[in-house]
Structure formats: structure tokens, C-alpha cells
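Working notes, structure below.
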Amino acid sequence: MPPKARQGNATAKIGLLVALLIGATVFGLWWTSRSPVPLDNDQYAITLALYRVCNQRNADGLDELERLLDSSSAKSEGNAITSIRDVIQEARDGDWEGATSGCRRLLDDQAPR
């Protein structure tokens, strides 16, 4: 291989490595800067069930959980209910993977850091 080709190849690898490091840094800053959403016991159970429903892509289960959320939201409103509703809407829009990730984030927020 000519020396210029090797040099171009090495430059491309370095550029890719730098781009990956920048991407990982930006993601890490975003992940640590967002505030966790605390869930009460009922909201946690609903989110756990929603995670399972999203994994199974079960629209009927989604309807049932939305009804359950509607009945439980009478006693509590706020950021947690809004976050769960956002995940349900994401699943309704057909983004099951995004909804599953949203559930996972909500559940991860409950673990002490």
C-alpha cells in the first residue's frame, strides 16, 4: 500500500475515533443533566407493566394500562403521569422501541445513584 493511502486510512480512523468520543461525551452530559422522574408505587407498577406491553407490542395491553392510569391519575397528577402518558403516546404512534426505552429510563430513575 502506498504511504499516502496508509496515511489517509490512519487519518480516517483517528477522525472516527474523535467523532465517537465527542458523541459519547455529549450523550453522557445529556444523560447526567436530565432530572430523574420519581414514581410512586402505583406508577412504578404501571411503568413496569408498560415496559412489558411495549416489548410485546401489545395494543390491547396498552389500552388497559391507559385506563388504569386514568383511574389512578385522579389522585395524582404531575411529571410522572405526564412522562408515562408520553411513553403511551409514543407506543400508540408505532415507536415501540422508543416507548420501551422511555419505560426503561423511568424505571432506571428509581435506582439510587
Side-chain angles (χ1 to χ4, degrees):
M1 185 179 279
K4 285 203 175 229
R6 269 186 260 143
Q7 183 181 11
N9 207 7
T11 303
K13 286 181 182 177
I14 291 172
L16 179 62
L17 181 61
V18 168
L20 288 173
L21 287 173
I22 290 171
T25 302
V26 168
F27 177 77
L29 290 172
W30 170 80
W31 183 258
T32 57
S33 67
R34 64 179 196 80
S35 57
V37 177
L39 303 174
D40 65 24
N41 288 338
D42 291 340
Q43 294 163 346
Y44 183 85
I46 290 170
T47 304
L48 191 58
L50 183 57
Y51 182 80
R52 194 169 31 254
V53 163
C54 290
N55 271 328
Q56 297 169 352
R57 298 175 184 223
N58 180 349
D60 293 333
L62 202 59
D63 293 337
E64 187 176 330
L65 286 173
E66 193 165 33
R67 283 191 299 273
L68 184 61
L69 186 63
D70 288 342
S71 68
S72 73
S73 68
K75 59 183 172 180
S76 65
E77 279 294 329
N79 201 21
I81 297 294
T82 302
S83 296
I84 296 169
R85 286 190 191 286
D86 289 346
V87 170
I88 290 173
Q89 187 58 50
E90 203 169 6
R92 289 228 183 276
D93 291 343
D95 186 7
W96 293 100
E97 291 87 8
T100 301
S101 295
C103 287
R104 186 72 207 168
R105 271 191 310 276
L106 287 170
L107 294 170
D108 285 347
D109 283 350
Q110 307 318 300
R113 295 180 188 223

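Side-chain atoms are counted along with the backbone in the values below, which use heavy atoms only and exclude waters and symmetry mates. Numbers here are sequence positions counted from 1. All of these numbers come straight from a predicted model, not from anything done at the bench.
Applying the side chain to side chain contact (heavy atoms under 4.5 Å, CB included) criterion to V87, with sequence neighbours excluded, gives L50, A99, C103, L106. Taking D63 as the reference, R92 meet the salt bridge (Lys or Arg N to Asp or Glu O under 4.0 Å) condition, with sequence neighbours excluded. L107 meets the side chain to side chain contact (heavy atoms under 4.5 Å, CB included) test with Y44, T47, L48, Y51; sequence neighbours excluded. Not counting sequence neighbours, the partners of D93 by the side-chain hydrogen bond (donor to acceptor under 3.5 Å, both in side chains) test are Q89.
The closest side-chain heavy-atom distance from I84 to I88 is below 4.5 Å.
A distance of 9.5 Å separates CG in L39 from CD1 in I46, rounded to the nearest 0.5 Å. Separating the CG atom in L17 from the CD1 atom in I22 is a distance of 10.0 Å, to the nearest 0.5 Å. From S71, atom OG reaches atom CG of D42 across 9.0 Å, with rounding to the nearest 0.5 Å.
Nearest heavy-atom pair, C54 versus T100, reported as atom, atom and distance to 0.1 Å: CB-OG1, 3.2 Å. The minimum heavy-atom distance between A80 and Q43, with the atom names listed, is CB-OE1, 3.4 Å.
Using a distance-only test at 3.5 Å, with no hydrogens or angles considered, a donor-acceptor pair links the side chain of Q110 to the main chain of V37.
No more than 12 heavy-atom neighbours from other residues, nucleotides or ligands sit within 6.0 angstrom of CD on E64.
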| field | L69 vs L65, side-chain contact (heavy atoms from CB on, under 4.5 Å): CA-CA, chis, key distance, verdict | value | CA-CA 6 Å; L69 186 63; L65 286 173; over 6 Å; no

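Annotation: salt bridge (Lys or Arg N to Asp or Glu O under 4.0 Å) contacts involving residues 51-60, sequence neighbours excluded, comprise R57-E97.
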